[in-house]
Amino acid sequence: MSVEAAVQDEGLVIPVTPRTRPPPPRFSLTPSERADTAVAILRGFQTAGFIYLRSPPSPAPSAVRDIFARSAAFFAQPLADKLALSLTDAAANRGYLRQGRERLIPDGGDGNVPDVLELKESLEIGREPHESFRNHWPAEAALPGFREEAMAFFETCKGLHVQVMRAVAVGMGLEDRHFDGYVDKGDNTLRLLHYPEVKADVFKANAGQVRAGEHSDYGSITLLFQDDRGGLQVRSPSGRFVDATPIPGTIVVNAGDLLARWSNDTIKSTVHRVVEPPHAADVDVYPPRYSIAYFCNPNSDSLIEAMPGTYANESDKKYGPILSGEYLIQRLAPTY
């Protein structure tokens with residue numbers, strides 16, 4: 001049984017293959033194929049909250065390889081150089097986060113959070129230009145071309161966000177550009193993630209040790225690019241955590257909390273985590289793991305309320321309206 005089949009049996013993800021060539025960010029399929037693809041994407045979000053997007057038109061495999069190389073070069077810098085770029089404002093959500101700065105591990109229901117350090121560091125990058133916020137870039141002399149390549153990748157992922165939201169619109173029976181005016185600014189976050197090399201006995205010695213604690217994402221969708229190390233797990237509809245095994249040529253795409261809220265909970269935002277990777281019994285040290293997460297959000301000034309077709313009357317709406325930016329700050333601030 002292939003990995004994809006095993007994961008499907010668990011009810012976790014549906015591999016989807018849109019055949020598109022943007023720009024513009026639009027599915028170039030026959031009407032029937034386009035509708036089928038949109039329904040498959042929406043079904044994956046409604047049943048599991050996660051899908052594998054196979055062979056997307058962009059970003060190109062070479063662009064993914066390049067941004068991973070840029071990420072590795074950034075994290076290889078001395079700690080002092082990275083700390084000089086530290087995130088200072090949750091509202092801006094830009095800059096470097098050292099190990100232990102972000103805390104995703106939930107409490108046990110009694111208000112007590114386990115004293116476990118999450119084994120990751122990251123760099124958060126937002127859109128440019130921005131009216132209020134600035135990214136924290138390494139010096140050009142230290143990492144030539146880093147800013148240019150990161151922003152090019154940011155813009156490519158922005159286009160893919162538009163495509164996926166158009167698929168969601170079509171799947172829900174809405175006009176395909178229904179969400180365009182909500183996502184055109186690109187108030188998104190490109191996150192470069194590094195999980196440093198770690199001794200295997202760290203996981204044995206510390207109960208509940210993880211590389212990233214269990215959590216759901218906050219925005220509309222997340223585009224996740226993985227290396228081949230493994231460790232990402234998703235809570236399946238049965239309630240148990242299942243490996244989201246890296247599959248070459250795919251992007252893991254998951255729905256976020258704000259999209260679930262927007263859909264009146266007809267779409268699922270699923271809890272996930274990064275744990276001790278799959279390994280042989282005699283492993284002493286786990287190598288570093290890298291991933292690239294592109295957190296997609298509605299425009300910060302967009303008013304988010306239950307979308308058409310998700311409620312029969314006003315009393316069916318589970319949530320009141322809220323500005324996207326306000327919601328995201330509410331979620332981000334407690335984690336830093």
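Because only heavy atoms are used, hydrogens play no part in the values below, and waters and symmetry mates are left out as well, while side chains stay in.
Atoms CZ and CZ, from Arg94 and Arg134 in turn, are 8.0 Å apart once rounded to the nearest 0.5 Å. Ile41 contributes atom CD1, which lies 6.0 Å from atom CG of Leu53 (distance to the nearest 0.5 angstrom). With rounding to the nearest 0.5 angstrom, the CZ atom of Phe295 is 12.0 Å from the SG atom of Cys157. Atom OG1 of Thr270 is separated from atom CG of Asn254 by 7.5 Å, given to the nearest 0.5 angstrom. One distance of note links CZ of Arg289 with CG of Asp228; it measures 10.0 Å at 0.5 Å rounding. In this structure, Thr189 OG1 and Asn297 CG are separated by 6.0 Å, a value rounded to the nearest 0.5 Å.
Smallest separation of non-hydrogen atoms from Pro196 and Leu119: CD-O, 3.6 Å.
A salt bridge between Glu124 and Arg191 is present, with a side-chain N of the basic residue lying under 4.0 Å from a carboxylate O of the acidic one. In summary, Lys199 and Asp284 do not engage in a salt bridge, as defined by a charged side-chain N under 4.0 Å from a carboxylate O. In this structure, Glu131 does not pair ionically with Lys185, as no charged nitrogen and carboxylate oxygen lie closer than 4.0 Å.
In this structure Leu143 satisfies the side chain to side chain contact (heavy atoms under 4.5 Å, CB included) test together with Ala73, Phe74, Gln77, Pro138, Phe146, sequence neighbours excluded.
A cation-pi arrangement is present between Arg273 and Phe241 under the rule of less than 6.0 angstrom and at most 45 degrees off the ring axis.
Formation of a donor-acceptor pair under 3.5 Å by the Glu118 side chain with backbone atoms of Leu104 is found in this model. Not one N or O on the side chain of Arg331 forms a donor-acceptor pair closer than 3.5 Å with the backbone of Leu258. Arg261 contributes a side-chain N or O that, together with a main-chain N or O of Gly320, makes up a donor-acceptor pair within less than 3.5 Å.
The aromatic rings of Tyr290 and Phe75 sit tilted relative to each other, their planes meeting at an angle between 30° and 60°.
Aromatic ring centres of His136 and Tyr96: separated by at least 6.0 Å.
Applying the ring-ring contact (aromatic ring centres under 6.0 Å, His included) definition to pairs two or more places apart or across chains, none involves residues 315-336.
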